[in-house]
Student: 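Input: one structure, supplied below.
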Amino acid sequence: MSRALEDKRTATRLRVLVEIADRQPAVSQGEIAEAVGVTSQAVSEYIRELVADGYVEKEGRSRYRTTKEGVDWLFREIKSIRQFTDHVTEDVLQSVQEDAALATDDIQTGETVTLSLREGLLHATPGDDGPATGTATTTAEAGQDVSVTGFEGVIDMSPGTVTVCQVPRARNGGSSAVDVEALSEALTTSDLVVAVGVEAVAALRRLDREPAVNLAGGAVAAEAAMKGQDAVVVASVDEAGRVADTLRDRNVTYELAPIGTDENRLHE
């Protein structure tokens, strides 16, 4: 997930760098401030940071150029944003097709509905009170599936988190070497728990927990996070690297939760 989608400062930093790239080498901080919607003083501060980080180089008074590192950063962030918007439009809203949603109340054919994402599933509520709406093409009672088309707007959705808990190999203690209290703490607020590897399944069973799935954990967790759910991946040392690779390939950020072993820790 692009950092620009997660905090306003990174988003503004991205826009300032785009404006510099578009206007270089003669850069007017006042024009950038007007285009971005911040003060000239703020633009000056952002430019100083971009120069310090090596993303922009100063050639003289009011003359700047983006560096190779700056262009590379722009490409990475824009690629992440594009992937996220593609997911929203193609997988979430299905703007040019019909999609199924769970009716939160009785819905009649032709009725306008508000769309929301809950527990990773699309829900439809009678009325047009939300930022994303559609039109029901079937009749449904509360709790039933309803077909919806004519999507407008964007669903209000924050990306979920992914926490990776790494379990030692069986020959190094496996599930018996796991701090069950630390693992239990990591699971406390999760919407979805997946396991990858025999050691991971055994570790969860020490807490009488069964994973939702025990295959393709990285892909499942990434999909859940992109639909607003918080996922925990419990993975053996042998599998954890592949899980991390999958998350990075899908531009999903993740964090590590220590569960009692320092062996072969992953790094984001």
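Numbers here are sequence positions counted from 1.
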Student: Let me check something: do Val201 and Val243 share a hydrophobic cluster, defined by ILVMFWY side-chain heavy atoms less than 4.5 Å apart, either directly or through other members?
Tutor: no

Student: Heavy atoms, side chains only, cut-off 4.5 Å: are Asp238 and Arg169 in contact?
Tutor: yes

Student: Considering only NZ, NE, NH1 and NH2 on the basic side and carboxylate oxygens on the acidic side, decide whether Arg15 and Glu19 come within less than 4.0 Å.
Tutor: no

Student: Return yes when atom CD of Glu59 has more than 12 non-hydrogen atoms of other residues, nucleotides or ligands closer than 6.0 Å, and no otherwise.
Tutor: yes

Student: Is there a path from Leu247 to Val213 through hydrophobic residues (I, L, V, M, F, W, Y) whose side chains come within less than 4.5 Å of each other?
Tutor: yes

Student: With rounding to the nearest 0.5 Å, note down the distance linking CG in Asp230 to OG1 in Thr161.
Tutor: 3.5 Å

Student: Can you see whether Arg23 engages Tyr64 through a side-chain donor-acceptor pair at a distance of less than 3.5 angstrom?
Tutor: no

Student: Looking at Gln144, I'd like to know if its CD atom is crowded, meaning that more than 12 non-hydrogen atoms belonging to other residues, nucleotides or ligands lie closer than 6.0 Å.
Tutor: yes

Student: Determine, using the 4.5 Å side-chain heavy-atom cutoff (strictly less than), whether Val16 and Ile78 are members of one ILVMFWY cluster.
Tutor: yes

Student: Do Ile47 and Leu74 land in one hydrophobic cluster if side-chain heavy atoms of ILVMFWY residues count as linked below 4.5 Å?
Tutor: yes

Student: Using a 4.5 Å cut-off on heavy atoms from C-beta on, say whether the side chain of Thr135 contacts that of Val113.
Tutor: no

Student: Consider only side-chain N and O atoms of Ser147 and Thr137, and report whether a donor and an acceptor are under 3.5 Å apart.
Tutor: yes

Student: Roughly how far apart are Tyr55 OH and Lys68 NZ, rounded to 0.5 Å?
Tutor: 11.5 Å

Student: Side chain of Ser44, backbone of Ser40: donor and acceptor closer than 3.5 Å?
Tutor: no

Student: Give me the atom names and distance for the closest heavy-atom approach of Gly130 to Thr114.
Tutor: N-OG1, 3.2 Å

Student: With side chain to side chain contact (heavy atoms under 4.5 Å, CB included) as the test, pick out the partner of Leu115 among Thr133, Leu122, Thr125.
Tutor: Leu122

Student: Mind checking whether Thr12 and Val38 have side chains closer than 4.5 Å, heavy atoms only?
Tutor: yes

Student: Using every non-hydrogen atom in the two residues, find where Ser236 and Ala200 come nearest and quote the distance to one decimal.
Tutor: N-CB, 4.2 Å

Student: Could you check whether any side-chain heavy atom of Val232 comes within less than 4.5 Å of a side-chain heavy atom of Val164, counting everything from C-beta outward?
Tutor: no

Student: As an exercise, state the distance from CZ of Arg242 to CG of Asp249, rounded to the nearest 0.5 Å.
Tutor: 13.5 Å

Student: Salt bridge between Glu49 and Arg9, side-chain N to carboxylate O under 4.0 Å?
Tutor: yes

Student: Any heavy-atom pair between the side chains of Trp73 and Leu14 that's under 4.5 Å?
Tutor: yes

Student: Does any non-hydrogen side-chain atom of Val196 lie less than 4.5 Å from one of Val234?
Tutor: no

Student: How close do Ala177 and Pro168 get, counting heavy atoms only, and between which atoms?
Tutor: CB-CG, 4.1 Å

Student: Rounded to the nearest 0.5 Å, what separation is found between the CD1 atom of Ile32 and the OH atom of Tyr46?
Tutor: 13.0 Å

Student: To the nearest 0.5 Å, tell me how far Gln108 CD sits from Thr139 OG1.
Tutor: 4.5 Å

Student: Which residue pairs pass the side chain to side chain donor-acceptor pair (under 3.5 Å) test with at least one member in residues 182-209, sequence neighbours excluded?
Tutor: Arg205-Glu210

Student: Can you name the nearest heavy-atom pair linking Ala221 to Val233, along with the distance?
Tutor: CB-CG2, 3.5 Å

Student: I'd like to know if the side chain of Arg250 pairs up with that of Thr246 as donor and acceptor (distance under 3.5 Å, no hydrogens or angles considered).
Tutor: no

Student: Tell me if a side-chain donor or acceptor on Thr67 pairs with a main-chain N or O of Gly54 at a distance below 3.5 Å.
Tutor: yes

Student: If you define the side chain from C-beta out and look only at heavy atoms, does anything of Arg13 sit under 4.5 Å from Leu50?
Tutor: yes

Student: Using 0.5 Å steps for rounding, measure from the CD atom of Gln229 to the CG atom of Leu192.
Tutor: 6.0 Å

Student: Does any part of the side chain of Gln166, heavy atoms only, come nearer than 4.5 Å to the side chain of Val237, both counted from C-beta?
Tutor: yes

Student: Between Val167 and Val180, is there shared hydrophobic-cluster membership here, with clusters defined by ILVMFWY side-chain heavy atoms closer than 4.5 Å?
Tutor: yes

